[in-house]
Colleague: 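I am attaching a structure below and will ask some questions about it afterwards.
Just so you know, ligand 1 is whichever comes first in the structure, and atom 1 is the first atom listed for that ligand.
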Amino acid sequence: MIDRKLLKLPKMKQVLAVLAGLFVLQAFFIIGQAVSLSQAITHLWSGQSLVNQYYWMIFFLVTYTLRHGVKWLQDMLLDRYATEQASALRQQLLVKVFRGGPAIIQKHGTGNMTTLALDGIDNVKNYLKLITEKMMSMSIVPWFVLVTIFWLDWQSGVVLLLVFPLIILFMIILGYAAKNKADKQFASYQKLANHFMDAIRGIDTLKRFGISQDYGNSIFKTSERFRVATMSTLRVAILSTFALDFFTTLSIAIVAVLLGLRLINGEVFLFEALTVLILSPEYFLPVRDFSGDYHATLDGKNAFQAVTSVLDEPSQVAKTTAISEWHDTSSLELSGITFSYDTSHNTSSNGSSKMALKQIDLAVSGYQKVGIIGMSGSGKSTLINLLSGFLSPKAGEVRLEGQEISSLKEKQWQQQLAYIPQNPYIFSGTLAANMAFYHPAATREQLIEAAQVVGLNDLIAELPDGIDTKIGEGERALSGGQAQRIALARAFLDASRKIWLFDEPTAHLDIETEVELKERMVPLMTNHLVFFATHRLHWMKQMDYIIVMDQGKVVEQGSLEKLLAKNGAFCQLSTTLRGNQNV
Ligand SMILES: Nc1ncnc2c1ncn2[C@@H]1O[C@H](COP(=O)(O)OP(=O)(O)OP(=O)(O)O)[C@@H](O)[C@H]1O
Ligand SMILES: [Mg+2]
């Protein structure tokens, strides 16, 4: 019932030890409270005056107050601990996501990761707090109470002892049923989160095709499934709480009837009988508490497992091999690099997923412009993502300066990169801030100069506050081409990043604008190692080295002259592309 991983949380053992001590104290106060109350009543019954009972009444009040005082202390301690651990987990989760990059998000789903980091962690906090408190209370308090009952009246003790395993057995059965339901509920919750996020992201497309209503209906259906799952979990929860209450009340009633009969027959004294009767509900209370909250914590348990499963994923951060700055004689070598996207749904029936990159061999050195050309789906973006360290190869070797490194996920490597994706992300902020993304210290003159190079002048002239206009989500929207120009400006502004990874950076531009932009861009590329993925042939004239890709393989590589002389894959591709593009 309790997750082993919980015990591995930092300081958990100390917290449990302090908690155990407090529960032992609490058990003594509970017993003291019962004893003093029945002493007072017994004495009154035997005809003593009320004044003589002050001692017992004060004793009762003190034990009562201390019992609740201890409870308050426990609550405070656990609350603080759970809050601390929850925020630490959230922090770890975020660090993991930021380290893991897009791959981790893609695997678990954006919506799911978001809800996990927000609601999920809150549920974990609740779970941590409730489960430790209830488990400890259940494993300490009843046994102290039971020993006292045995000492006072062994027959009642036997009745209570016999009922306990039955209740536990019953709880286990219902617990399994509830867990089953809660797992289903959690799965539909994750699906709902991802589905909803997808819809929000794709709202443009959905609207444009006039199918937003259908999609809305499908979200409604998913949320209905979630509702049904929640209700059915609640049903089991309520049923088990009811059944447990019923059984415990029945057992207390049996104890009471037996005690009453024996009182009449004079087989037991009033003090013992009364104390046992007051203590019996206390004996069951922790179990009832536990089962009542057990269902409430199932969500938290699932969230905790989800969080730990993300955290336990092997992080692909390479062992720190020092990576020096890229310079004019540096060398990078890839050999036998293979990569496949192993998402569960694109796995083919024989269990192996389709290879997106197959046996890539590649060597580049110094400052040069490397063009990556190929048809759509040939693996250009995958190769760029691999070079940027976003993806880690499944097999093969990466050598930097002749030294093997386990991956390119190294911070020192990534800090040298400027990456311009096919669809760059524009952060909500001013145009200037977006351009100065890699180089926040850029001066205004530098920004304006960069804007000129990438052809953003017209846009700036049009904007109400020039480069200080707010753009991005919720603000002034930009066209795809404008977003790409901003992304290009980001790369050009930061002179310290020597490796540029361009993934069709001009795909959204018309051919005339692209050619014009090319003339201004190419001179900036000197003194850099540039990887330039594109399916536009005209760029190849400017490249020092060309990699031709087809279906995940490098089918040809070399300088333009060499490839033209070869009259092989590159020339074939040129014919196909020329047919398509007319360039
Ligand atoms: N996230 C992903 N999950 C699963 N498969 C993917 C993913 N991204 C790409 N692929 C697959 O990997 C292969 C290579 O895709 P990639 O995006 O690298 O091609 P590309 O050459 O960049 O194409 P384009 O010119 O259209 O951008 C394709 O078969 C594609 O379906
Ligand atoms: Mg691509």
Colleague: For M549, is the nearest heavy atom under 4.0 Å from an atom of ligand 1?
Modeller: no
Colleague: If you draw a 6.0 Å radius around CZ in F209, do more than 12 non-hydrogen atoms from other residues or ligands fall strictly inside?
Modeller: no
Colleague: Any idea which atoms of ligand 1 are less than 4.0 Å away from a heavy-atom of T382?
Modeller: 14 (C), 15 (O), 16 (P), 18 (O)
Colleague: Distance under 4.0 Å to a non-hydrogen atom of E504: what atoms of ligand 1 satisfy this?
Modeller: 25 (O), 27 (O)
Colleague: Who gets closest to atom 19 (O) of ligand 1 by heavy atom: G374, G379, S340?
Modeller: G379
Colleague: Which atoms of ligand 1 sit under 4.0 Å from any heavy atom of S381?
Modeller: 17 (O), 18 (O), 20 (P), 22 (O), 27 (O)
Colleague: Is the Mg ion (ligand 2) less than 2.8 Å from at least one N/O/S atom of S381?
Modeller: yes
Colleague: Nearest heavy atom to atom 25 (O) of ligand 1 wins, so pick from K380, M375, K107.
Modeller: K380
Colleague: Distance-only, no hydrogens or angles: does the K380 side chain make a donor-acceptor pair with backbone N or O of M375 under 3.5 Å?
Modeller: yes
Colleague: Flag the pair R225 / Q185 as yes when at least one side-chain heavy-atom distance between them is below 4.5 Å, and no otherwise.
Modeller: no
Colleague: Quick one: does NZ or CZ of R490 land under 6.0 Å from the six-membered ring centre of Y438, within 45 degrees of the ring axis?
Modeller: no
Colleague: Search all heavy atoms of M113 against all heavy atoms of H108 and return the closest pair with its distance.
Modeller: SD-CB, 3.6 Å
Colleague: When you measure from the side chain of E397 to the backbone of I337, do you find a donor-acceptor pair of N or O atoms at a distance under 3.5 Å?
Modeller: no
Colleague: Using a strict 4.0 Å cut-off to heavy atoms of Q106, name the atoms of ligand 1 that fall inside it.
Modeller: 1 (N)
Colleague: Any side-chain donor-acceptor pair under 3.5 Å between H195 and S218?
Modeller: yes
Colleague: For ligand 1, which atoms sit closer than 4.0 Å to a heavy atom of Q422?
Modeller: 27 (O)
Colleague: Taking 4.0 angstrom as the limit and counting only heavy atoms of A356, give me the atoms of ligand 1 inside it, by number and element.
Modeller: 12 (O)
